[in-house]
K.L.:
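Below are the structure tokens for one structure; questions will follow.
Below, each value reflects all heavy atoms present in this structure, side chains not excepted, and no hydrogens, waters or symmetry copies. Keep in mind the model is a prediction, meaning the values are calculated, not measured.
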Amino acid sequence: MDLKSDRGILEKLKEYGKSDMYPFHMPGHKRERIDFPNPFQIDITEIEGFDNLHHPQGILKDAMEKASKIYGSDKSWFLVNGSTGGILSAVCGLTRRGGTIIMSRNCHKSAYHGIFLNELHAEYIYPQYIPKFGIQGGIFPEDVEKALKKQPDTQAVFIVSPTYEGIVSDIKRISQVVHRYGIPLIVDEAHGAHFPFACQGEFPESALNLGADVVIQSLHKTLPSFTQTGIMHWKRGYADEKRIERYLQIYQSSSPSYLFMGGIDWCIENMVRDKGKRLHLLAERLQNIRSRAEKFKNIRIPGKELSGKFGVYDVDLSKLVLSVKGTNIDGERLSELLRNRYHLEMEMSNTDYVLAMTSAFDREEGFERLFKALKEIDKEISPEKKAFLEMEKGFPWPEKAYMKIHQAWNNQTDKMPIEDAEGRISGEFVYIYPPGIPVIVPGERLDRKIIEFIQNYKAKNLPVQGLKDREAEYIETVIGE
């Protein structure tokens, strides 16, 4: 679809909205016509009778208390700048400056920014890798235990579950391990906002019910809510509620959008009234497309068979991972075919797979278009071992950090070609985006595998971000190291 470059943002959005491009990506409302007021009529500020998010005493206080009862938390907060504000507030609020946090290495970049802001030492635990599909698995509770024994002064543990690809770790066992050390477990459940509203057994259980102390969810990812809306939940016991609230006032806007806050309230009420019907229909449609796709010879879609392996406790089937690993095309090519030939826009792509995000607001028409497209493409491609980025252990993460993130990021640096940076300590982040997971963080040493990984991604026109050099040819490295 050709969008004229001389049009303004709003005109382009209107033109795109009228197209037949189908969204297998967030936000979860899927551009459906929803009964919502004219935004200009309800876009207000903190006037009399409409409360204040940073000091709620009226309708916002009531709405958040209602949400807390629905979710089963002891307290819930509306987030108007996505999960990012919640993650920053939880990380900074539940650790002391210069302290230690244990974190899964596949966390979103906002968690690393929290480490930077609070000058923390980070001890990483690594997800398993599922070589057959080229995706990351879950976190072993045993690895959390090992990390805690190594760093007994740890103040909090932070993991992501589910992952971008829908992989759920054993939160119940992990929380039991963490609580034995008397500290809180923070779970980035940004991609699992729909879990609490589903019928039992159709989707994984929320971390909030499994022992997590703080759970952050992005409503906009999988539910009918505006982009940038989220919610954070707190359970009494191991996490300091007041310290979290202190940082929420720092990391959330002092002029929060009433459109967003009204949208959050509407979204939650809508899902409660629906009583899981839409999610039940989604589960049926997912089962239908997955069972038919089992006949494909080249494109594979992982599912529940992963449970019990690679640290995987459960799988969110709403994430359709379309793996082409071991074929003669890569994920980026599959994404291009789906977009250009079939007008199906995916959430993300990389070397081994494409991710199609679904929600309760997807339509039967979209699933049928996707299945027919995949069926045709599956016949066109063939098995072939590619030389490009054949990984058997996942991301080539560095083995250790030589400096804390804030030390390296604030240090004096040299700008040099990435090709020549082997052995140097990075002074900046390098992200594969989406999903925003860093391949290397400030303070870690660049080796040849990491350099080749970055160069290969760049060569395939896949997104490499975080570097000051937007062409991703140069990197800042710490002087004197």
K.L.:
Between Tyr164 and Asn106, is there a side-chain heavy-atom distance shorter than 4.5 Å?
P.N.:
no

K.L.:
How long is the span from the CD atom in Glu46 to the CG atom in Asn52, to the nearest 0.5 Å?
P.N.:
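So the CD of Glu46 and the CG of Asn52 are separated by 5.0 Å.
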
K.L.:
Would you find a donor on one side and an acceptor on the other, under 3.5 Å apart, between the side chain of Asn81 and the backbone of Gln252?
P.N.:
no

K.L.:
Distance alone, cut at 3.5 Å: any donor-acceptor contact between the side chains of Ser349 and Glu332?
P.N.:
yes

K.L.:
How are the rings of Tyr251 and Tyr247 set relative to one another: parallel (under 30°), tilted (30 to 60°) or perpendicular (over 60°)?
P.N.:
parallel

K.L.:
Just by distance, do the side chain of Asp74 and the backbone of Arg236 share a donor-acceptor pair under 3.5 Å?
P.N.:
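Yes; judged by distance alone, with no hydrogens or angles, the pair exists.
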
K.L.:
Only one of Met346, Glu345, Glu347 passes side chain to side chain contact (heavy atoms under 4.5 Å, CB included) with Phe24; say which it is.
P.N.:
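It is Met346; the other options fail the test.
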
K.L.:
Is the Lys NZ or Arg CZ of Lys12 less than 6.0 Å from the centre of Tyr16's six-membered ring, within 45° of the axis?
P.N.:
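That pair does not qualify as a cation-pi contact.
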
K.L.:
Before we go on, tell me: are the rings of Phe36 and Phe226 under 6.0 Å apart, centre to centre?
P.N.:
yes

K.L.:
Can you find a pair of side-chain heavy atoms, one from Leu60 and one from Asp265, that are under 4.5 Å apart?
P.N.:
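No, too far: nothing below the 4.5 Å cut-off.
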
K.L.:
Nearest 0.5 Å, please: how far is CG in Asn209 from NE2 in His233?
P.N.:
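His233 NE2 to Asn209 CG: 10.0 Å, rounded to 0.5 Å.
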
K.L.:
May I ask you to check if Lys30 and Phe361 form a cation-pi contact, with NZ or CZ under 6.0 angstrom from the six-membered ring centre and within 45° of the axis?
P.N.:
no

K.L.:
Are Phe310 and Pro131 side-chain neighbours, meaning at least one heavy-atom pair lies under 4.5 Å?
P.N.:
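Side chain of Phe310 against side chain of Pro131, heavy atoms only: contact under 4.5 Å found.
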
K.L.:
Do Glu165 and Tyr353 have side chains that approach each other closer than 4.5 Å (heavy atoms only, starting at C-beta)?
P.N.:
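A side-chain contact exists here, since the closest heavy-atom pair is under 4.5 Å.
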
K.L.:
Are the side chain of Asp447 and the backbone N or O of Lys449 linked by a donor-acceptor pair below 3.5 Å?
P.N.:
yes

K.L.:
So does Lys146 pair up with Glu123, basic N to acidic O under 4.0 Å?
P.N.:
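The answer is no: the pair does not qualify as a salt bridge.
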
K.L.:
Is Arg31 atom CZ crowded by more than 12 heavy atoms from other residues, nucleotides or ligands, each under 6.0 Å away?
P.N.:
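Atom CZ in Arg31 is crowded, with more than 12 foreign heavy atoms closer than 6.0 Å.
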
K.L.:
Salt-bridge test for Asp469 and Lys415: reply yes if a basic N is under 4.0 Å from a carboxylate O, no otherwise.
P.N.:
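A salt bridge is absent here (no side-chain N lies under 4.0 Å from a carboxylate O).
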
K.L.:
Taking all non-hydrogen atoms of both residues, which atom of Ile450 and which atom of Arg445 are closest, and how far apart?
P.N.:
CD1-O, 4.0 Å

K.L.:
Locate the shortest heavy-atom distance separating Glu444 from Arg105; write the atom from each residue and the value.
P.N.:
OE1-NH2, 2.7 Å

K.L.:
What verdict does the salt bridge (charged side-chain N to carboxylate O under 4.0 Å, His left out) test give for Glu422 and Arg448, after you've listed the backbone C-alpha separation in whole Å, the side-chain angles of each residue and the deciding distance to 0.1 Å?
P.N.:
CA-CA 6 Å; Glu422 183 175 0; Arg448 181 50 49 184; 3.1 Å; yes

K.L.:
Kindly indicate, with the supporting measurements, whether the criterion side chain to side chain donor-acceptor pair (under 3.5 Å) is fulfilled by Glu245 and Trp77.
P.N.:
CA-CA 9 Å; Glu245 284 191 322; Trp77 297 274; 3.1 Å; yes

K.L.:
Please report the closest heavy-atom contact between Leu467 and Ile475, naming both atoms and the distance.
P.N.:
CD2-CG1, 3.6 Å

K.L.:
For residues Ser73 and Ser68, is any side-chain donor paired with an opposing acceptor at under 3.5 Å?
P.N.:
yes

K.L.:
Return yes when atom CD of Glu305 has more than 12 non-hydrogen atoms of other residues, nucleotides or ligands closer than 6.0 Å, and no otherwise.
P.N.:
yes

K.L.:
Could you check, using the six-membered ring where one of them is a Trp, whether His113 and Phe429 have ring centers closer than 6.0 angstrom?
P.N.:
yes

K.L.:
More than 12 foreign heavy atoms under 6.0 Å from CZ of Arg97: is that the case here?
P.N.:
yes

K.L.:
Could you measure the distance from the OG atom of Ser83 to the NE2 atom of His108? Nearest 0.5 Å is fine.
P.N.:
8.5 Å

K.L.:
Would you confirm whether His54, through its side chain, and Ser253, through its main-chain N or O, come within 3.5 Å as a donor-acceptor pair?
P.N.:
yes

K.L.:
With distance as the sole test, does Tyr258 use its side chain to make a donor-acceptor pair with the main-chain N or O of Phe50 at under 3.5 Å?
P.N.:
yes

K.L.:
For Phe116 and Tyr112, I'd like to know if the aromatic rings sit close, meaning centre-to-centre distance below 6.0 Å.
P.N.:
no

K.L.:
What pair of heavy atoms forms the shortest contact from Leu462 to Asn350, and how long is it?
P.N.:
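What the structure gives for the nearest pair is CD2-CA, 4.0 Å.
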
K.L.:
For Arg300 and Lys132, indicate whether the former's side chain and the latter's backbone hold a donor-acceptor pair under 3.5 Å.
P.N.:
yes

K.L.:
Do the side chain of Ser110 and the main chain of Thr84 share a donor and acceptor less than 3.5 angstrom apart?
P.N.:
no

K.L.:
Are Val321 and Leu355 packed together at the side-chain level, in the sense that at least one heavy-atom pair is separated by less than 4.5 angstrom?
P.N.:
yes

K.L.:
Could you pull out the closest heavy-atom pair between Gly182 and Tyr238, with the gap in Å?
P.N.:
C-CD2, 3.7 Å

K.L.:
Asn456 side chain to Glu452 main-chain N or O, any donor-acceptor pair under 3.5 Å?
P.N.:
yes

K.L.:
Are Glu428 and Lys468 close enough for a salt bridge, meaning some N to O gap below 4.0 Å?
P.N.:
no

K.L.:
State whether the side chain of Ser169 and the backbone N or O of Ile171 hold a donor-acceptor pair below 3.5 Å, judged by distance alone.
P.N.:
no

K.L.:
Counting neighbours of OH on Tyr474 that are heavy atoms of other residues, nucleotides or ligands and sit closer than 6.0 Å, is the number greater than 12?
P.N.:
no

K.L.:
How about Lys458: does its NZ atom have over 12 heavy atoms from other parts shown lying under 6.0 Å from it?
P.N.:
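Above 12, so yes.
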
K.L.:
Could you state the interatomic distance from CG (Asp213) to NZ (Lys235), rounded to the nearest 0.5 Å?
P.N.:
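The NZ atom of Lys235 is 9.0 Å from CG of Asp213, to the nearest 0.5 Å.
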
K.L.:
For Lys61, enumerate each residue passing the salt bridge (Lys or Arg N to Asp or Glu O under 4.0 Å) test, keeping only those at least two apart in sequence or located in another chain.
P.N.:
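Glu65.
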
K.L.:
Measuring centre to centre across the rings, with the benzene-like ring taken for any Trp, is Tyr71 within less than 6.0 Å of Phe197?
P.N.:
yes

K.L.:
CD1 of Ile9: more than 12 outside heavy atoms within 6.0 angstrom?
P.N.:
no

K.L.:
By side-chain hydrogen bond (donor to acceptor under 3.5 Å, both in side chains), which residues pair with Glu189, not counting sequence neighbours?
P.N.:
Ser206, Gln217

K.L.:
Should the pair Glu336-Arg339 be classified as a salt bridge under the 4.0 Å nitrogen-to-oxygen rule?
P.N.:
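Salt bridge: no.
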
K.L.:
Under the side-chain hydrogen bond (donor to acceptor under 3.5 Å, both in side chains) test, which residues partner Ser225, sequence neighbours left out?
P.N.:
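Ser225: side-chain hydrogen bond (donor to acceptor under 3.5 Å, both in side chains) contacts with Thr229.
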
K.L.:
Using a strict 4.0 Å threshold on nitrogen-to-oxygen distance, state whether Asp330 and Lys325 make a salt bridge.
P.N.:
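Lys325 and Asp330: not salt-bridged.
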
K.L.:
For the atom pair NE2 (His194) and CD (Glu202), what is the distance rounded to the nearest 0.5 Å?
P.N.:
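Answer for the NE2-CD pair, His194 versus Glu202, is 11.0 Å.
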
K.L.:
Write down the atom of Ile440, the atom of Pro398, and the distance for their closest heavy-atom approach.
P.N.:
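Closest approach of Ile440 to Pro398: CG1-CG, 4.1 Å.
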
K.L.:
NZ of Lys66: more than 12 outside heavy atoms within 6.0 angstrom?
P.N.:
yes

K.L.:
Find out whether Met271 and Leu223 are in side-chain contact, i.e. whether some heavy atom of one side chain is under 4.5 Å from a heavy atom of the other.
P.N.:
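In contact.
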
K.L.:
Using a 3.5 Å distance criterion without hydrogens, assess whether the side chain of Asn411 forms a donor-acceptor pair with backbone atoms of Val478.
P.N.:
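Not a single qualifying donor-acceptor pair exists.
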
